[in-house]
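To start, the structure itself, in structure tokens.
The sequence lines fix the lettering, A, B, ..., with proteins before strands; numbering per chain opens at 1.
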There are 2 protein chains.
Amino acid sequence: MKGGSVERGEGASPRKGVTRGLSIMDFIFRIIAAVATLASALAMGTTNETLPFATQFIRFRAEFDDLPSFVFFVMANSVVCGYLVLSLILSVFHIVRSKAVNTRILLIFLDTVMLGLLTAAASASASIVYIAHHGNPKANWFAICQQYNNFCERISASLIGSYIAVALLIILILLSVVAISRN
Amino acid sequence: MKGGSVERGEGASPRKGVTRGLSIMDFIFRIIAAVATLASALAMGTTNETLPFATQFIRFRAEFDDLPSFVFFVMANSVVCGYLVLSLILSVFHIVRSKAVNTRILLIFLDTVMLGLLTAAASASASIVYIAHHGNPKANWFAICQQYNNFCERISASLIGSYIAVALLIILILLSVVAISRN
């Protein structure tokens, strides 16, 4: 009897340790992803450029909210950032109680939805950034990046944070699934 | 002893039945999603419109591959459709062996990646469709849908299949996670 219980204890301890390790990685990745989305939202949301010349009636000025896709981008990044910060509570809960299953399923579902939202926002903006850079001669849409150079660099760079967060969310979903399967 | 084994048998049987039910739903949803992405790819890939008038040198013709986002859309939908058809093999395997865990984790990972790919393609196209419909006066991009009416209706409609498949993929991920957690 005694030998059996020691054996079981040895079998459960490293397994629990691995699950706790997964939960700690989950926590760290969530913080990084939250910072990345916050950086993206701020970089895009503060982008504007006024050209150093003007006619009597027109001032040449580009702002991020001239394009609806960029507004969606800022909103989606803010929402995902807020979600990631709130989800840290559950992440800490999983570090403490590594056997929790239902809350992990909830987190996987929400992570998946947020992954969809963030990917949608990043890609919608990326396709607009592409047109801003290269234009489209067939549709008579002209590249605006020759004039608004700083504006374009800024909106292109702000996509990076979003794509980092997308990659991290995919890893987060996988970590949660592995944690559930080990219980 | 006998009573105990009967009890265990009664406890395991409905649980196995539920997991099998989840696997069958998984199979059906995969077929629907595959058909939806195939329909999207075909609808977008066969879209073109030639206007019934021409100058001596120019024929007014719009094709889906005039816009890089639409080419990406067709490719992504084809890839996801191919993946969904191949994944039916694993789905059948899960109906037969409802206790399998590792293959389910593999499927969740691939489903998540495909969800990202499909959402990216659908949203990139949606933002271009929006500009085609409404244009953007700030960037001097004009709406092309006044001229190419049929073309625009077709590309807008082809997005529907993709978004149905995105919703189904989210449900598929959730089904697999629930199936794993019940083992």
In one Ile/Leu/Val/Met/Phe/Trp/Tyr side-chain cluster, 4.5 Å: A:L175, B:I180: yes
Any side-chain hydrogen bond (donor to acceptor under 3.5 Å, both in side chains) pairs touching residues 33-49 of chain A, not counting sequence neighbours? A:T46-A:R154
Residue, of A:L117, A:V113, A:L118, A:L174, that accumulates the most heavy atom pairs under 4.5 Å with chain B: A:L174
Can you establish whether the number of heavy atoms outside B:R97 located under 6.0 Å from its atom CZ is more than 12? no
When hydrophobic residues are tied together by side-chain contacts of less than 4.5 Å, even through go-betweens, does A:I31 share a cluster with A:I28? yes
I want to check something: taking the side chain as every heavy atom from C-beta on, are B:I131 and A:I128 in contact at a cut-off of under 4.5 Å? yes
Shared ILVMFWY cluster between B:Y148 and B:V129, side chains joined below 4.5 angstrom? yes
Applying a strict 4.5 Å limit to non-hydrogen atoms, the region of B:A120 in contact with chain A is both
Using a heavy-atom cutoff of under 4.5 Å, enumerate the residues of residues 101-112 of chain B that contact chain A, numbered in order, or state 'none'. B:V101, B:I105, B:I108, B:F109, B:T112
Looking at chain A, which one of B:A139, B:A124, B:G135 has the largest number of heavy-atom pairs inside 4.5 Å, strictly under? B:A124
Counting only pairs under 3.5 Å, give me each side-chain donor-acceptor contact of residues 157-173 of chain B, with atom names and distances, residues two or more places apart or in other chains.
| from | atom 1 | to | atom 2 | distance (Å) |
| --- | --- | --- | --- | --- |
| B:S158 | OG | B:I155 | O | 2.9 |
| B:S162 | OG | B:N77 | OD1 | 2.8 |
| B:S162 | OG | B:N77 | ND2 | 3.0 |

Give a yes or no on whether B:F93 and B:I24 share a hydrophobic cluster (residues Ile, Leu, Val, Met, Phe, Trp, Tyr; joining criterion: side-chain heavy atoms under 4.5 Å apart). yes
Which heavy atom of B:F142 sits nearest a heavy atom of A:W141, and at what distance? O-NE1, 2.8 Å
Which of B:S125, B:S123, B:S127 passes side chain to side chain contact (heavy atoms under 4.5 Å, CB included) with A:S127? It is B:S127
Note: vs chain B, highest number of non-hydrogen pairs under 4.5 angstrom among A:R61, A:H134, A:K138 is A:K138
Please determine whether residues B:L115 and B:V85 belong to a single hydrophobic cluster, defined as Ile, Leu, Val, Met, Phe, Trp and Tyr linked transitively by side-chain heavy-atom distances below 4.5 Å. no
How would you list, in number order, the residues of residues 63-71 of chain A that have a heavy atom less than 4.5 Å from chain B? A:D66, A:L67, A:P68, A:S69
Given heavy-atom pairs under 4.5 angstrom as the criterion, report whether the side chain, backbone, both or neither of A:Y130 touches chain B. side chain
